[in-house]
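Read the structure below first, then the notes.
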Amino acid sequence: MLDPARMDDVLRRGGDVASLVAAWKSVDERRKSGQRDLDTLRAQRNAANERMSKLDKKSTEFTTARDELKSLSTRIKEGEAELAKLETTAQDQLLEIPNAPHASVPEGKDEHDNPVLHTWGTKPTYTFTPKAHWELGESLGILDFEAGTRITGGRFTVLRGAASKLTRGLISFMLDLHTQHGYEEIWPPAIVKRASLRGTGQLPKFEQDLFKLEIPRGPDHDPDNDLFLSPTAEVQVTNLFNDQIVDGDNLPIRYCAYTPCFRAEAGAAGKDTRGLIRQHQFDKVELVKLTTPDASYGELEALRQDAERVLQTLGLHYRVVTLCTGDLGFHSAKTYDLEVWLPGQDAYREISSCSNFEDYQARRAKIRYRPNAGDKPRAVHTINGSGIAIGRTLVAILEQYQQADGSVVVPSALRPYVGGVERIVARS
RNA sequence: GGAGGAGUGGCCGAGUGGUUGAAGGCAGCGGUCUUGAAAACCGCCGAGCGCAAGCUCCGGGGGUUCGAAUCCCUCCUCCUCCGCCA
């Protein structure tokens with residue numbers, strides 16, 4: 001959650017943030033004064049109880065003191081109940097306040113205002129009209145949208161033959177690339193509990209975007225243990241450290257993880273309904289770092305380059321944009337998007353999003369480090385980025401490497417991962 | 001799924017109703033000693049809120065009581081045995 005000291009910085013986001021902040025401040029003031037009053041009463045009770053422990057239990061002084069304390073005790077209980085309500089309210093309000101943008105984040109209204117940081121490679125040229133990946137995939141017999149819909153529903157797809165094999169190869173290729181550059185590989189659960197999602201910022205605000213598991217539960221079930229299909233490995237891997245104090249000497253910590261990701265895509269009706277771009281289930285290799293505050297922006301740049309390396313090694317043309325204040329995600333302080341070129345759609349499409357959350361997630365998930373032995377614990381900074389989205393990489397390969405005859409050349413770096421196959425041709 | 005057992009500070013581990021926020025040990029930090037180190041000895045050494053005084057926290061939540069780490073209920077987690085399973 002946002003550091004209360006930074007409430008003014010978050011106002012750059014505009015919109016209704018100002019009213020959220022004002023509402024929180026007002027409740028928090030009441031919370032503080034309630035805390036003060038209650039502490040005074042509790043101090044009285046503690047002192048009286050200590051005196052009482054020295055009295056003879058059979059004496060009249062004891063009986064008198066006990067009866068007097070009874071009413072004080074009742075008042076304290078009432079005060080505690082009131083304070084608990086205020087604390088819950090303040091906490092709920094705080095969880096709804098987004099992260100403060102970093103000073104280097106450009107002003108802007110929406111994605112059209114995102115400045116391009118740089119472009120890698122050049123747009124490939126074709127002697128024919130490039131096809132969209134769904135046309136290529138269907139004519140090659142490797143993307144079966146109809147079957148996915150029949151088995152599960154819309155926005156689910158069956159990959160066959162070369163598409164399946166390329167997916168498997170891409171996962172291994174990316175994990176190998178990242179582990180060679182200092183990331184430890186993690187294979188986490190695909191299902192996460194509510195508390196984990198709150199820790200990384202997906203909840204409470206975005207519950208409608210998630211698939212929730214419905215399981216018979218007793219009436220006393222703790223909602224913190226409600227289960228959801230994880231929308232990104234960011235949740236699992238960051239929460240590897242929830243409620244932990246890590247040794248400062250171990251930072252930065254760098255992880256990579258492959259996981260399936262599940263998103264309900266509420267509110268995306270009608271968008272990208274064709275093809276693999278926007279699915280309810282997709283695969284992704286994620287990069288996650290925990291760093292000290294002074295190192296986090298350097299580590300963000302490095303992580304972005306590590307994500308870019310995947311596209312470069314595959315020879316895929318792309319550009320990098322810096323998200324402006326109006327397009328910045330809820331919990332991010334700064335984000336770069338990697339956008340790969342899709343000739344079949346004549347557009348750059350997001351294939352990786354690399355963000356520094358500063359201490360926003362760490363404060364929610366209680367991930368701290370001790371700068372030096374004996375120091376007070378301090379929130380770490382968390383950074384993550386796709387490294388990169390598997391399905392969209394498959395899309396980019398199909399579209400950028402397509403040939404006049406409808407076949408698709410396999411990027412040379414990927415061939416060792418698909419049994420040496422050099423070209424995908426239609427199934428006979 | 002059935003039957004037992006256990007959850008205390010970075011770690012181990014005392015503690016069954018009243019100076020116990022918590023003995024003791026290990027680790028860590030500072031110091032004495034030493035050419036240096038080790039050993040030994042001395043001191044410090046959990047976290048959160050609050051300007052402070054102070055308050056809160058012994059897996060989570062609720063209850064009993066003037067007072068709970070200690071008693072009761074419930075949830076979660078872990079361990080052992082049986083069953084089942086990839």
Side-chain angles (χ1 to χ4, degrees), chain A residues 1-5 7 24-25 27-95 187 189-199 213 215-228 236 239-251 253 290 359 362-380:
Chain A
M1 62 197 82
L2 186 63
D3 184 343
M7 284 297 165
W24 171 80
K25 278 185 175 169
V27 173
D28 194 54
E29 275 310 312
R30 289 201 283 146
R31 196 209 96 226
K32 282 184 190 171
S33 77
Q35 178 78 255
R36 271 196 299 277
D37 297 345
L38 186 59
D39 281 358
T40 308
L41 292 179
R42 285 203 277 219
Q44 282 173 27
R45 182 191 61 186
N46 290 347
N49 272 329
E50 195 178 325
R51 285 196 297 276
M52 214 167 148
S53 67
K54 289 169 186 143
L55 293 176
D56 176 1
K57 286 194 174 57
K58 296 198 175 68
S59 67
T60 52
E61 291 99 319
F62 183 88
T63 315
T64 311
R66 190 184 60 196
D67 293 345
E68 282 174 9
L69 266 184
K70 205 160 189 164
S71 70
L72 180 59
S73 217
T74 307
R75 280 172 61 199
I76 288 174
K77 273 188 185 147
E78 288 165 2
E80 283 175 340
E82 276 176 49
L83 184 65
K85 274 188 212 162
L86 285 172
E87 282 173 343
T88 305
T89 306
Q91 183 71 8
D92 290 350
Q93 289 174 323
L94 200 50
L95 288 172
W187 196 286
I191 294 172
V192 292
K193 62 178 178 179
R194 181 182 295 276
S196 298
L197 288 155
R198 187 168 48 233
L213 270 49
I215 302 166
R217 302 280 201 186
D220 293 321
H221 170 70
D222 181 351
D224 274 5
N225 294 327
D226 286 345
L227 297 178
F228 298 82
Q236 295 97 306
N239 277 291
L240 233 31
F241 292 96
N242 71 46
D243 241 346
Q244 307 280 306
I245 299 174
V246 303
D247 190 340
D249 294 340
N250 294 338
L251 298 176
I253 294 169
L290 273 62
D359 65 4
R363 294 172 66 92
R364 285 174 166 242
K366 295 195 179 64
I367 306 172
R368 295 172 295 176
Y369 76 104
R370 220 179 277 285
N372 295 295
D375 289 353
K376 287 283 181 190
R378 194 177 165 189
V380 303

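Chain letters run A, B, ... following the sequence lines, proteins first, then strands; residues in each count from 1. Since the structure is predicted, the reported quantities are computational estimates derived from the model, not experimental observations.
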[M] and [N], which share atom name [atom1], separated by this distance in whole Å:
N	M	atom1	result
B:C11	B:A23	P	16 Å
B:G25	B:U74	P	39 Å
B:C57	B:G63	P	14 Å
B:A14	B:U70	C1'	13 Å
B:C71	B:G17	P	8 Å
B:U16	B:G36	P	48 Å
B:C29	B:G21	P	30 Å
B:G48	B:G67	C1'	24 Å

Q: Would you kindly compare A:Arg36 and A:Glu50 by the position of their nearest RNA chain B nucleotide and give the one closer to the 5′ end?
A: A:Glu50

Q.
Taking the nucleotide of RNA chain B with the nearest heavy atom to each, does A:Lys77 or A:Gln44 sit closer to the 5' end?
A. A:Gln44

Applying the Watson-Crick and G-U wobble criteria at under 3.5 Å, what pairs with [N]? Answer none if nothing qualifies.
N	result
B:C29	B:G43
B:U19	none
B:A3	B:U80
B:U70	none
B:U65	none

Do the side chains of [Y] and [X] get nearer than 4.5 Å, heavy atoms only?
X	Y	result
A:Ser73	A:Ile76	no
A:Arg368	A:Val380	no
A:Arg45	A:Leu41	no

Whole angstrom is fine here: how far is it from [atom1] in [X] over to [atom2] in [N]?
X	N	atom1	atom2	answer
A:Glu80	B:C49	CD	P	19 Å
A:Lys376	B:G10	NZ	C1'	14 Å
A:Arg378	B:G48	CZ	P	13 Å
A:Leu69	B:G18	CG	P	17 Å
A:Gln244	B:C11	CD	P	9 Å
A:Tyr369	B:G46	OH	P	20 Å
A:Phe241	B:G10	CZ	P	16 Å
A:Arg31	B:U56	CZ	C1'	12 Å

Tell me whether the OP1 or OP2 atom of [N] has a side-chain N or O from [X] closer than 4.0 Å.
X	N	result
A:Arg368	B:G48	yes
A:Thr40	B:A53	no
A:Arg42	B:C57	no
A:Lys70	B:U65	no
A:Asn46	B:U56	yes

Q: Answer yes or no: is there a donor N or O on one side and an acceptor on the other, between the side chain of A:Arg194 and the main chain of A:Asp226, under 3.5 Å?
A: no

Q) Is a donor on one side and an acceptor on the other found under 3.5 Å between the side chain of A:Asp359 and the backbone of A:Ala379? A) no

Nucleotide nearest [X] (side chain, heavy atoms from C-beta), chosen from [options]:
X	options	result
A:Asn225	B:C76, B:C66, B:C49	B:C76
A:Phe62	B:G67, B:C55, B:G18	B:G18
A:Asn49	B:C55, B:G48, B:G18	B:G18

Q) Between the side-chain atoms of A:Asp39 and the base atoms of B:G54, is any donor-acceptor pair under 3.5 Å? A) yes

Q | N-O pairing of A:Lys25 and A:Asp28 below 4.0 Å | A | no

(Q) What contact category does A:Arg370 fall into here, base, sugar-phosphate, or nothing, at under 4.0 angstrom with non-hydrogen atoms? (A) sugar-phosphate

Q: Drop me the distance from A:Leu251's CG to A:Arg370's CZ, to the nearest 0.5 angstrom.
A: 12.5 Å

